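Take a look at the structure set out below.
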Amino acid sequence: MPEYQTHPYDVLVIGAGGAGLRAAIEASSIVVSVVVICKSLLGKAHTVMAEGGIAAALGNVDERDNWKVHFADTMRGGQYLSNWRMAELHAKEAPDCVRELEAWGALFDRTKDGRILQRNFGGHRYPRLAHVGDRTGLEMIRTLQDHGIHQGIEVHMECTVLRLLTDDGRVTGAFAYDRERGRFLLFPAKAVVLATGGIGRAYKITSNSWEYTGDGHALAYHAGAALMDMEFVQFHPTGMVWPPSVCGILVTEGVRGEGGVLRNSQGRRFMFDDIPELYRAQTADNEEEGWRYTQGDKNARRPPELLTRDHIARCIVREIKEGRGSPHGGVFLDISWIKDRFPHAAEHIRKKLPSMYHQFKQLADIDITKEPMEVGPTTHYMMGGVQVDGDTQMSTVAGLFAAGECAAGLHGANRLGGNSLSDLLVFGKRAGSYAACFAKEQGHGRMDQDQINQTAECALRPFERIKGSEGPYQIQQKLQEKMQDLVGIVRTEGEMKLALTEIAILYERAEKVSVEGNREYNNGWHTALDLSNLLTVSEAITRAALEREESRGAHFREDRPAKSAEFGKINIVIRKGSNGEMQVKREPNPELPPELRQTIEEMK
Ligand SMILES: Cc1cc2nc3c(=O)[nH]c(=O)nc-3n(C[C@H](O)[C@H](O)[C@H](O)COP(=O)(O)OP(=O)(O)OC[C@H]3O[C@@H](n4cnc5c(N)ncnc54)[C@H](O)[C@@H]3O)c2cc1C
């Protein structure tokens, strides 16, 4: 029998990013005992890294904005594969969620008349992103943490969930270990909210930190929940490409929102060469109009640098492949050119983009007020995740809820920038509320001792294997290389099939992995434990991508470059079969009600 401590709660929230904290705040306001657990320290979740802002149709900078425009933008951006109910709720509820954050103490940048300032971002028709310079996530997480702690939420930091426990089709809690001592912890819970963020560490070049190994996706899958849209991995067009040690670190879309332009090695603004039909009417056809848009001219259309991320990433890849890239394998992103238009451009850039200024100065010795940056695509965000009910956020397993990046539905085939932070607030709140109600109606479920014993045994196995056999880092690195090369921005059937063969070999190697040392702060051990999650999500991404025999949004297949009407009506859903095999199914995307279809038509 393994030794473990037991901490029972009504609601267990796994993840202390924006979604987890917002869920915990809501659940605790419904008078239930709530705990948040997180892999690293409180305040270090991805949400803190968010730069550009929170999308909400407040209409402070352009009064033409409203929930209907935001809804239509989100549906169009997601190539009409989003769960329409989630897109509707998100567009309607985001403004109040931002005002609520302000009431709890978040200090946003202001308009001249004192309202929350909003900035332009890709795919959003009007300036919509409430922001705090380019450090919006920091303000958001600080505010939520302060508020949450005063609500009496308990927190277990540096604590990683290994398995969700279930009984008779219902979630009953989770089994975890703490990083400091390697002790096991049991959290019996009446309801569980997954808010574990993304999967970026499945790829070699990524903006994501070490924590993002797809744990929530894998935990849900092994507990019997369905995953959806796993083929849609967002490659953000602008990550740093040089020096190699910082390759992949994000360069916010805010740079382009403030007037930054993309050029190839010939100095050409190549984004004007390829404007998709879907966006032609809304996009400037000359540089002057694009500039006027970024400066708030309501009669101007947005520059093509503010098209959706999937499209820009592919245009950049094309420029690089065709030999028009920058010296270090990217393209140029230039904000310094605005000195031709502004008397105090350098000061303006430092004020609007302070983090970007410091990031390039300190990491690449580039002064972005004077010279262009070199940028290229980086794995950034997971549109796919746990399939949830649009209103309640409950997964297909009773009592198991999911919110934020680890849930699927809102973003369809491509997420618009800024729509994640608002997603966290709207659906974190909903998940917390419905999880608390579920907990109030249900008692604790039965703890399955076999599940606990098996998880503990399996977790300790790497210590028992023959020392000197393969360690976890080599396997992790190999997987990242294979996913980058074979299931990346441009995909083909042959390469994806090869990826499945490689993943199968890596599963076998992971089964034999050994670690040195003891259970206290043992990074090698933690990496070995993360491996199975990374392999599960990598297999799910690859199988879903093979099943979608078309190109749409972030999923681009060189062997099937066109969109297909048939696939435009289905989501790819993945479940664990009774023999442990991964099952892939096509499911019809819920049909849009006529009034929302009409809204989309009106906003064209
Ligand atoms: C550099 C960068 C800039 C961005 N800028 C923007 C922006 O301007 N606007 C926007 O809308 N979006 C932006 N995004 C995306 C956005 O920040 C994320 O999608 C969002 O913060 C995810 O929030 P979350 O609450 O779902 O998860 P996260 O904030 O990622 O938190 C996940 C939590 O889960 C915990 N966790 C994970 N696995 C386990 C486990 N097994 N056990 C216990 N705990 C676990 C982690 O420790 C962490 O606390 C940006 C992302 C990055 C990386």
Side-chain angles (χ1 to χ4, degrees), residues 12-24 36-56 94 119 121 128-138 140-141 144 155-164 174-179 185 187 193-201 206-219 234 236 238-240 248-254 257 355-356 359 378-383 385 402-407 411 415-425 427-428 431 526 529-530 533:
L12 163 65
V13 179
I14 308 174
L21 289 171
R22 188 63 194 82
V36 174
I37 59 184
C38 52
K39 233 167 152 172
S40 62
L41 297 171
L42 189 62
K44 286 202 74 189
H46 250 169
T47 303
V48 81
M49 293 160 78
E51 295 162 353
I54 312 175
R119 67 157 46 120
F121 238 58
R128 191 175 282 146
L129 266 68
H131 59 277
V132 186
D134 55 5
R135 294 176 183 144
T136 313
L138 175 64
M140 178 162 162
I141 209 104
L144 290 174
V155 181
H156 286 260
M157 289 190 254
E158 300 207 303
C159 173
T160 304
V161 170
L162 289 167
R163 179 175 181 160
L164 293 175
F175 194 65
Y177 70 92
D178 73 72
R179 283 171 72 75
L185 304 151
F187 293 97
V193 179
L194 280 173
T196 49
I199 58 93
R201 284 283 149 172
T206 178
S207 64
N208 288 196
S209 78
W210 64 269
E211 287 175 75
Y212 297 97
T213 48
D215 296 9
H217 296 71
L219 290 168
Q234 181 165 78
H236 194 290
T238 59
M240 292 179 81
I249 291 183
L250 196 77
V251 181
T252 176
E253 201 164 315
S355 298
M356 288 304 106
Q359 184 171 308
T378 180
T379 314
H380 182 57
Y381 184 86
M382 184 52 166
M383 271 76 73
E405 192 169 339
C406 75
H411 310 292
R415 173 178 74 91
L416 298 186
N419 267 3
S420 170
L421 294 190
S422 39
D423 169 5
L424 312 182
L425 295 174
F427 295 107
H526 304 155
L529 296 176
D530 288 343
N533 298 328

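Both ligands and their constituent atoms are indexed starting at 1 by order of listing. This one's a predicted model, so the numbers in the text were calculated from it and none came from an experiment.
Ligand-side atoms of ligand 1 in range of Asn419: 11 (O), range being under 4.0 angstrom from any heavy atom. Near Ser40, meaning under 4.0 Å from any of its heavy atoms, are these atoms of ligand 1: 47 (O). When each atom of ligand 1 is checked for a heavy atom of Ile14 under 4.0 Å away, the hits are 42 (N), 43 (C), 44 (N). Heavy-atom contacts of Ala16 reach the following atoms of ligand 1: 33 (C), 48 (C), 49 (O) (cutoff under 4.0 Å). Taking every non-hydrogen atom of Gly404 and a distance limit under 4.0 Å, the qualifying atoms of ligand 1 come out as 26 (O). Every atom of ligand 1 is numbered from 1 in the order shown, and the set under 4.0 Å from a heavy atom of Glu51 is 3 (C), 4 (C), 5 (N), 6 (C), 7 (C), 8 (O). Within the listing of ligand 1, atoms 46 (C), 47 (O), 48 (C) sit less than 4.0 angstrom from a heavy atom of Glu211. For ligand 1, the atoms sitting less than 4.0 Å from at least one non-hydrogen atom of His46 are 17 (O), 21 (O), 28 (P), 29 (O), 30 (O), 53 (C), numbered in the order shown with element in parentheses.
Checking side-chain atoms of Thr47 against main-chain N and O of Gly18 turns up a donor-acceptor pair under 3.5 Å. Not one N or O on the side chain of Asp134 forms a donor-acceptor pair closer than 3.5 Å with the backbone of Gly254.
Residue Val36 comes nearest to Ala16 through the heavy atom pair CG1-CB, 3.7 Å, listed as atom of the first residue, atom of the second, then distance. Of all heavy-atom pairs between Val161 and Ala176, the closest is CA-CB, 3.8 Å.
Using 4.0 Å as the threshold, Ala195 has a heavy atom nearer than that to some atom of ligand 1. Using a 4.0 Å heavy-atom cutoff, His380 is listed among the residues neighbouring ligand 1. Thr136 does not count as a contact of ligand 1, since none of its heavy atoms falls under 4.0 Å from the ligand. At a 4.0 Å cut-off, at least one heavy atom of Arg415 sits close enough to ligand 1 to count as contact. A heavy-atom separation below 4.0 Å is found between Gly418 and ligand 1. Using a 4.0 angstrom heavy-atom cutoff, Ser209 does not count as in contact with ligand 1.
Here the protein heavy atom with the shortest distance to atom 26 (O) of ligand 1 is Glu405 N, 2.9 Å. Here the heavy atom of the protein found nearest to atom 43 (C) of ligand 1 is Cys159 O, 3.3 Å. Of the protein's non-hydrogen atoms, the one nearest atom 25 (O) of ligand 1 is Ala19 N, 2.9 Å. At the top of the distance list for atom 24 (P) of ligand 1, counting protein heavy atoms only, stands Leu424 CD2, 3.7 Å. Ranking protein heavy atoms by distance to atom 38 (N) of ligand 1, first place goes to Asp215 OD2, 3.4 Å. Given atom 27 (O) of ligand 1, the protein heavy atom at minimum distance is Gly197 CA, 3.5 Å. Shortest contact from atom 11 (O) of ligand 1 to any protein heavy atom: Leu421 N, 2.8 Å.
Going from atom CG of Leu185 over to atom OH of Tyr177 covers 11.0 Å, rounded to the nearest 0.5 Å. Annotation: the span from Arg135 atom CZ to Met49 atom CE amounts to 14.0 Å, rounded to 0.5 Å. Leu162 CG to Leu219 CG: the interatomic distance, rounded to the nearest 0.5 Å, is 8.0 Å. Atom CZ in Arg128 sits 15.0 Å away from atom CZ in Arg119 (nearest 0.5 Å). Note that the NE2 atom of His131 and the CD atom of Glu51 stand 13.0 Å from one another [nearest 0.5 Å]. Interatomic distance, Trp210 CH2 to Asp530 CG, rounded to the nearest 0.5 Å: 7.5 Å.
At under 3.5 Å, a nitrogen or oxygen of Lys39, whether backbone or side chain, sits near a nitrogen or oxygen of ligand 1. Taking only nitrogen or oxygen atoms, main chain and side chain alike, Val161 reaches within less than 3.5 Å of ligand 1. For Gly52, a nitrogen or oxygen atom sits less than 3.5 Å from a nitrogen or oxygen atom of ligand 1, counting backbone and side chain alike. Checked by distance only, ligand 1 and Gly198 stay at 3.5 Å or farther apart across all their nitrogen or oxygen atoms. For ligand 1, the polar-atom distance check finds no N/O of Ala50 at less than 3.5 Å from any of the ligand's N/O atoms.
Both the backbone and the side chain of Thr160 come within 4.0 Å of ligand 1, counting heavy atoms alone. Heavy atoms of Thr196 found under 4.0 angstrom from ligand 1 belong to the backbone as well as the side chain. At a heavy-atom cutoff of 4.0 Å, ligand 1 is contacted by both the backbone and the side chain of Thr47.
The closest side-chain heavy-atom distance from His217 to Ile199 is below 4.5 Å. By the 4.5 Å heavy-atom criterion applied to side chains, Leu424 and Met140 are counted as neighbours. Counting heavy atoms from C-beta on, the side chains of Val132 and Leu138 never come closer than 4.5 Å. A heavy-atom distance below 4.5 Å is found between the side chains of His46 and Asn208. The shortest distance between side-chain heavy atoms of Tyr381 and His411 falls below 4.5 Å. You'll find the side chain of Tyr212 stays beyond 4.5 Å of the side chain of Met382, heavy atoms only.
Taking only non-hydrogen atoms, the option from Ala403, Gly53, Gly417 nearest to atom 9 (N) of ligand 1 is Gly53. The closest non-hydrogen atom to atom 16 (C) of ligand 1, taken over Ser420, Gly15, Gly239, comes from Ser420.
With respect to Lys39 and Asp215, a salt bridge is recorded, a charged nitrogen being found less than 4.0 Å from a carboxylate O.
Looking at Thr378 and His236, their side chains never bring a donor and an acceptor atom within 3.5 Å of each other.
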